[in-house]
Amino acid sequence: MSEHSEPAVDAATAAFVAHRNLLFTVAYEMLGSAADAEDVLQETWLRWADVDLEQVRDRRAYLVRMTTRQALGRMRTLRRRRESYVGPWLPEPLLTAPDVAEDVELADSVSMAMLLVLETLAPTERAVFVLREVFDLGYDEIAEAVGKTQAAVRQIAHRARAHVAARRPRGAVSPAETHDALRAFQRAVESGDLQGLLDKLAPDVVLLGDGGGVVQAALEPIVGADAVARVLATGRLSTMVAAVLEPVQVNGYPALVLRVEGEVDTVLAVRMDDGLITGLYAVRNPEKLSWVERETALRR
């Protein structure tokens, strides 16, 4: 541990606490996992506590760089872990406060749909994209964080922007549109009104279920409006007793939480393209559901 004087320790603590929500958001956007983001923050704090603050010109930027480096190391470990994951992998959902939805760019960047797009980037590309496009860091700061030259970072940023642009949801999506789509889903599950849901589903809609090999979930994506509707009509959601679908805000957008006997069973989020549902994301892995029991503060 550091042998700083008490005032220095207090200053380090104050700076870390002041920027903690920002640092968590950086790590979460890079990892898609709240639990791993928390581990990254713990590692960042241990290193920050030993830094000579008199040598730090911009504490916020310094902390973001430290967090980025720790997250990059963690990303490489997670990539290997996800290669052996049972069934589709989905990001760990967060219950978010209304202020996240009000920041449209932040909400878009942490949405389940965008986090899945970010999963298709290489680790350094993802770090550069997040730091530049979401947090508006300068190329010089990003270069120091990822250990590249500014010229290389500019090239990586250009490549990552093009990659994300080709895969991100098409058309502006309002919370009201997402809410309407989820309401159709809820009616389909609760009353069997499949036509109302089919009207909201894109022909090539994809349903992904993440049970992590721990609980029941489809091991392969379910593709096509008719196939998805059949699953919803005959699947476990429609036959459960003591099950309640609760509208919530998850990752900055409207979502549904399925509770069975009061316990969170499934988090359902959607991807919307041009007003239709193109992705249905059902997170059932119990290890990923604890962060929907309380709101998480996100900042940029």
Side-chain angles (χ1 to χ4, degrees), residues 87-88 90-91 93-96 98 100-102 104 107-117 120 164-211 216-260 264-284 292:
L90 290 171
L94 302 177
L95 187 69
T96 47
V100 176
E102 291 165 6
V104 176
D108 178 63
S109 70
V110 298
S111 69
M112 297 288 278
M114 179 57 80
L115 289 175
L116 283 172
V117 172
T120 65
V164 170
R167 293 163 176 80
R168 71 188 309 158
R170 300 181 302 275
V173 180
S174 71
E177 281 184 302
T178 305
H179 177 74
D180 288 346
L182 287 166
R183 193 162 52 190
F185 173 87
Q186 190 168 357
R187 281 197 302 270
V189 171
E190 293 177 344
S191 67
D193 175 18
L194 285 183
Q195 189 56 51
L197 179 60
L198 282 167
D199 290 342
K200 297 286 186 181
L201 295 179
D204 57 350
V205 62
V206 177
L207 169 61
L208 299 177
D210 179 346
Q216 181 183 355
L219 295 179
E220 298 291 338
I222 297 168
V223 182
D226 289 339
V228 168
R230 280 198 303 273
V231 167
L232 298 179
T234 61
R236 62 188 305 280
L237 292 182
S238 60
T239 58
M240 278 188 175
V241 294
V244 177
L245 279 169
E246 172 190 345
V248 292
Q249 287 277 330
V250 165
N251 291 58
Y253 278 90
L256 292 172
V257 167
L258 174 72
R259 292 184 181 273
V260 179
V264 176
D265 177 273
T266 305
V267 174
L268 185 93
V270 298
R271 168 174 169 151
M272 304 283 293
D273 286 85
D274 299 326
L276 294 175
I277 299 173
T278 56
L280 277 164
Y281 309 127
V283 182
R284 300 206 62 237
V292 294

Separation between CD1 of Ile277 and CZ of Phe185, rounded to the nearest 0.5 Å: 8.5 Å

From Leu256 CG over to Thr266 OG1, what is the distance, rounded to the nearest 0.5 angstrom? 10.5 Å

Counterpart residues, salt bridge (Lys or Arg N to Asp or Glu O under 4.0 Å), relative to Asp273 (two or more places apart): Arg170, Arg271

The criterion is side-chain hydrogen bond (donor to acceptor under 3.5 Å, both in side chains); which residues satisfy it with Ser109, sequence neighbours excluded? Glu29

By salt bridge (Lys or Arg N to Asp or Glu O under 4.0 Å), Glu102 pairs with (sequence neighbours left out) none

I'd like to know if the side chain of Asp265 and the backbone of Val260 have a donor-acceptor N/O pair within less than 3.5 Å. no

I'd like to check the side-chain contact (heavy atoms from CB on, under 4.5 Å) partners of Ala101; sequence neighbours left out, ordered by chain and number. Gln249

Residues at least two apart in sequence or cross-chain that pass side-chain contact (heavy atoms from CB on, under 4.5 Å) with Val164, listed by chain then number, are Met114, Val117, Leu118, Leu121, Phe129, Arg168

Given the rule in the side chain to side chain contact (heavy atoms under 4.5 Å, CB included) test, do Met272 and Thr278 qualify, once you have shown the distances and angles that lead to the verdict? CA-CA 6 Å; Met272 304 283 293; Thr278 56; over 6 Å; no

Minimum heavy-atom distance Val250-Ala255, with the two atoms named: CB-CB, 3.6 Å

Measuring from Leu208:CG to Glu220:CD, what's the distance to the nearest 0.5 Å? 10.5 Å

Smallest separation among heavy atoms of Met112 and Ala269, with atom names: CG-CB, 3.7 Å

side-chain hydrogen bond (donor to acceptor under 3.5 Å, both in side chains) partners of Gln186, counting only residues at least two apart: Glu190

For the side chain to side chain contact (heavy atoms under 4.5 Å, CB included) test, which of Val264, Val267, Leu268 pairs with Pro93? Val267

Checking Leu116 against Tyr281 for the side chain to side chain contact (heavy atoms under 4.5 Å, CB included) test, could you report, in this order, the C-alpha distance in whole Å, the side-chain angles of both residues, the deciding distance, and whether it holds? CA-CA 10 Å; Leu116 283 172; Tyr281 309 127; 3.5 Å; yes

Heavy-atom check, side chain of Leu201 versus side chain of Val228, under 4.5 Å: yes

Residues forming a side-chain hydrogen bond (donor to acceptor under 3.5 Å, both in side chains) with Arg167, sequence neighbours excluded: His163

Look up atom CD in Glu177 and atom CG in Leu276, then write down how far apart they are to the nearest 0.5 Å. 9.0 Å

Kindly write out the residues that satisfy side-chain hydrogen bond (donor to acceptor under 3.5 Å, both in side chains) with Asp226, not counting sequence neighbours, or none if the list is empty. none

To the nearest 0.5 Å, what is the distance between CG on Asp108 and OH on Tyr253? 5.0 Å

Of all heavy-atom pairs linking Leu198 and Ala229, the shortest is CD2-CB, 3.8 Å

Looking at residues at least two apart in the chain, or sitting in another chain, which of them share a side-chain contact (heavy atoms from CB on, under 4.5 Å) with Ala218? Ile222

Determine yes or no for a side-chain-to-main-chain donor-acceptor pair under 3.5 angstrom, with Asn251 supplying the side chain and Val110 the backbone. yes

Please collect all salt bridge (Lys or Arg N to Asp or Glu O under 4.0 Å) contacts where either partner lies in residues 196-208, sequence neighbours excluded, each pair once. none

Could you report the tightest heavy-atom contact between Ala217 and Gly211, atom names first, then the distance? CB-N, 3.5 Å

Search all heavy atoms of Ala107 against all heavy atoms of Gly252 and return the closest pair with its distance. CB-O, 3.8 Å

